[in-house]
Amino acid sequence: MKVYLNVLVASLVLIAGLLVISHVSSTQVLAQADENNKTKISNTNVATGNNTIILNPQETNETYRWVNSSGGINPTLGIAKGSEYLIKIKNPTDTKHELIIADAKHSEIAKSKEIQPGKNTEFKFSTEKTGQLNYYCEYHPETMRGIINIIENP
């Protein structure tokens, strides 16, 4: 009987652990398909704490993408309405980039300065609306693009 009880407890602990892992995985937002290899990218960057977002250009197989500090490619960014965020960009590539944030009608909401090869820039961003915005590179809009989800400030 004691053996069965130990097996039951161990099974319950294993199931609880799997549920926790499943919950953590399901909180990530599916960003978008990678147009070159048709695989889905599921990286979400929710800016918390110091409200700093890091997005850097990266070149892979002659294709440019935005990459966050966790290595997420063109990640969906989660931000809170009314909070100010510092967006930092370091350009290690051999070409210039410029980050544009736009609404669904393609109207620019904010943008960085042009970032020359080997240079860095940063700018502050906030919005008073909830919903969704898009971000992209002025020079590589088809491959360097992502979504910003804006939620009510908790």
Item to check | Audit row: Thr127, Ile101, side chain to side chain contact (heavy atoms under 4.5 Å, CB included) steps and yes/no | outcome: CA-CA 11 Å; Thr127 183; Ile101 298 173; over 6 Å; no
Next on the checklist: Would you say Ser83 and Asn153 are linked by a side-chain donor-acceptor pair, where the criterion is simply a distance under 3.5 Å?
Outcome noted: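 Distance-only check passes for Asn153 and Ser83.
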Next on the checklist: Contact between Leu55 and Tyr135 at the side-chain level, heavy atoms closer than 4.5 Å - yes or no?
Outcome noted: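 Counting from C-beta outward, Leu55 and Tyr135 do come under 4.5 Å.
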Item to check | Check: Phe123 and Lys113 side chains under 4.5 Å, non-hydrogen atoms | outcome: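 SC-SC contact between Lys113 and Phe123 ruled out.
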Checklist entry - Phe125 pairs by side-chain contact (heavy atoms from CB on, under 4.5 Å) with which of Leu99, Ile53, Leu133? => result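 With Phe125 as partner, Leu99, Ile53, Leu133 yield a single side-chain contact (heavy atoms from CB on, under 4.5 Å), made by Leu133.
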Next on the checklist: Quick check: closest heavy atoms across Pro92 and Lys90, and the distance to 0.1 Å?
Outcome noted: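 Taking every non-hydrogen atom into account, CD-O, 3.0 Å.
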Side-chain ([X]) to main-chain ([Y]) donor-acceptor, under 3.5 angstrom:
X: Asn61; Y: Thr63; result: no
X: Asn74; Y: Arg65; result: no
X: Thr93; Y: Thr95; result: yes

Pairwise distance [atom1]([X]) to [atom2]([Y]) - rounded to 0.5 angstrom:
X: Glu84; Y: Ile79; atom1: CD; atom2: CD1; value: 11.0 Å
X: Ile54; Y: Asn68; atom1: CD1; atom2: CG; value: 9.0 Å
X: Thr130; Y: Glu152; atom1: OG1; atom2: CD; value: 5.5 Å
X: His106; Y: Asn134; atom1: NE2; atom2: CG; value: 7.5 Å

Item to check | Member of Asn149, Thr76, Asp103 meeting the side-chain hydrogen bond (donor to acceptor under 3.5 Å, both in side chains) criterion with Gln132 | outcome: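 So, applying the side-chain hydrogen bond (donor to acceptor under 3.5 Å, both in side chains) to Gln132 and each of Asn149, Thr76, Asp103, only Asn149 qualifies.
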Checklist entry - Passes side chain to side chain contact (heavy atoms under 4.5 Å, CB included), Lys81 versus Ile150? Steps please. => result CA-CA 6 Å; Lys81 170 184 148 184; Ile150 304 123; 3.9 Å; yes
Next on the checklist: According to a hydrophobic-cluster definition based on side-chain heavy atoms being under 4.5 Å apart (Ile, Leu, Val, Met, Phe, Trp, Tyr only), do Ile148 and Val67 belong together?
Outcome noted: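 No, Ile148 does not connect to Val67 through the hydrophobic network.
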Item to check | Asp94 and Glu59: CA distance, side-chain angles, deciding distance, side chain to side chain contact (heavy atoms under 4.5 Å, CB included) verdict | outcome: CA-CA 9 Å; Asp94 60 358; Glu59 181 182 10; 3.9 Å; yes
Next on the checklist: Check the orientation of Tyr64 and His140. Use parallel for under 30°, tilted for 30 to 60°, and perpendicular for over 60°.
Outcome noted: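 Tilted, since the angle between the ring planes falls between 30° and 60°.
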